Structures are given as structure tokens and as C-alpha cells.
Amino acid sequence: MHFPAMPSPEKIVFTYDPHEFEKFVEEWVPALDGLYVRVERQGGAGDHGIDVAAFLTRQGLEGPWHNYQCKRYKGTLAWSTAAGEIRKMFAGVVTGQFIAPEQYTFIAPSIVWGSVIHRCWSNVPPGMQRAATMMG
């Protein structure tokens, strides 16, 4: 009897809808850093650009934390979309909703950062770069 080959984990991720992708990231993030005290999904309307928050202390969004922004699109993640998400997160910081994360990471199956992204990113002040570390 011959069974079809199982798709690779990389291919399976592309089948997730946005909700499933956020749930996957929420379950995957704790494996990235054993220092996380708690990881929780914030995604949805009014999430301030925070899909998954990983807390380094029990203070939650008032202490050191890492932001994981999930983007599950058919195409690549565009700078205009990324900039809008970063802007939403910084608006939450400015209005006192929470403190800025120590790390800001985009998680996307298809992410392409072209030379325009790198030029824009190089103009961001170093303090903000630390708060918004992007990974592709």
C-alpha cells in the first residue's frame, strides 16, 4: 500500500488561516526563549499591533516583553503593511497602553525585505530600532 508523502512543516504553515497562524505562533514562541514567563495571544481588532506578546517578567506589558506580529498573506509582506503595524504599536506606547517592547518581530511565511526597507530602516533612530527589531 502506498500513501502520499506528508507535506513538510513549511508547506503546512502556508495552509493556515490568519487565526490558525497566530495560534501556531503562540504555541511556537515559548520554544524560542526559555526566559519567557508567559506568552499570550492578543491578536484581533484593537490589538495595537500586538498579535503575540512574550513576557520576560510577571509585569506583562508594563515590564520587559517581546512583540510577535503575525502576517499571513498569500503574497509577501509589504513595507506599507509593516509600517502600519509598527505605527499602531507605537501609538499604544504613546497613549500609555503599555511600554515599548524590547523586541519587535514580524513572523510571516512570505517576507521579503527589499533595498527600500533597508534604506527606510537605516533612518530609524537607534533607540527605536532596538524596540522594533525586525526579523525575516
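Keep in mind that this is a model prediction, so the values were computed, not measured.
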Steps toward side chain to side chain contact (heavy atoms under 4.5 Å, CB included) verdict (Trp65, Leu56) = CA-CA 5 Å; Trp65 65 286; Leu56 297 161; 5.9 Å; no
Would you say Asn67's side chain and Pro101's backbone share a donor-acceptor pair under 3.5 angstrom?
->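 No; zero donor-acceptor contacts below 3.5 Å.
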Flag, side chain of Glu22 to backbone of His19, donor-acceptor distance under 3.5 Å |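 Flag not set: sc Glu22 to bb His19 has no pair under 3.5 Å.
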Joint cluster assignment, Leu32 & Val37, ILVMFWY side-chain distance < 4.5 Å =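 No, no single cluster joins them.
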Side-chain heavy atoms under 4.5 angstrom apart, residues restricted to Ile, Leu, Val, Met, Phe, Trp, Tyr: same cluster for Val25 and Ile12?
->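 Yes.
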Quick one: pull up [atom1] in [X] and [atom2] in [Y] and give me the separation to the nearest 0.5 Å.
X	Y	atom1	atom2	value
Ile86	Phe106	CD1	CZ	4.5 Å
Phe21	Ile107	CZ	CD1	6.5 Å
Phe24	Arg41	CZ	CZ	13.5 Å
His48	Leu61	NE2	CG	9.5 Å
Glu102	His66	CD	NE2	5.0 Å
Arg38	Gln59	CZ	CD	11.0 Å

Of the non-hydrogen atoms in [X] and [Y], which two are nearest, and what is the gap between them?
X	Y	result
Glu26	Val39	O-CG1, 3.7 Å
Gly63	Ile99	O-CD1, 3.2 Å
Val52	Cys70	CG2-SG, 4.3 Å

Between Glu85 and Lys88, does a salt bridge (Lys or Arg N to Asp or Glu O under 4.0 Å) hold up when you go through it step by step?
-> CA-CA 5 Å; Glu85 293 299 329; Lys88 281 196 303 187; 3.3 Å; yes
List the steps and the verdict of side chain to side chain contact (heavy atoms under 4.5 Å, CB included) for Phe55 and Glu40.
-> CA-CA 8 Å; Phe55 307 113; Glu40 67 181 41; 3.6 Å; yes
Does a side-chain heavy-atom distance below 4.5 Å link Phe98 with Met89?
->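 Yes, their side chains come closer than 4.5 Å.
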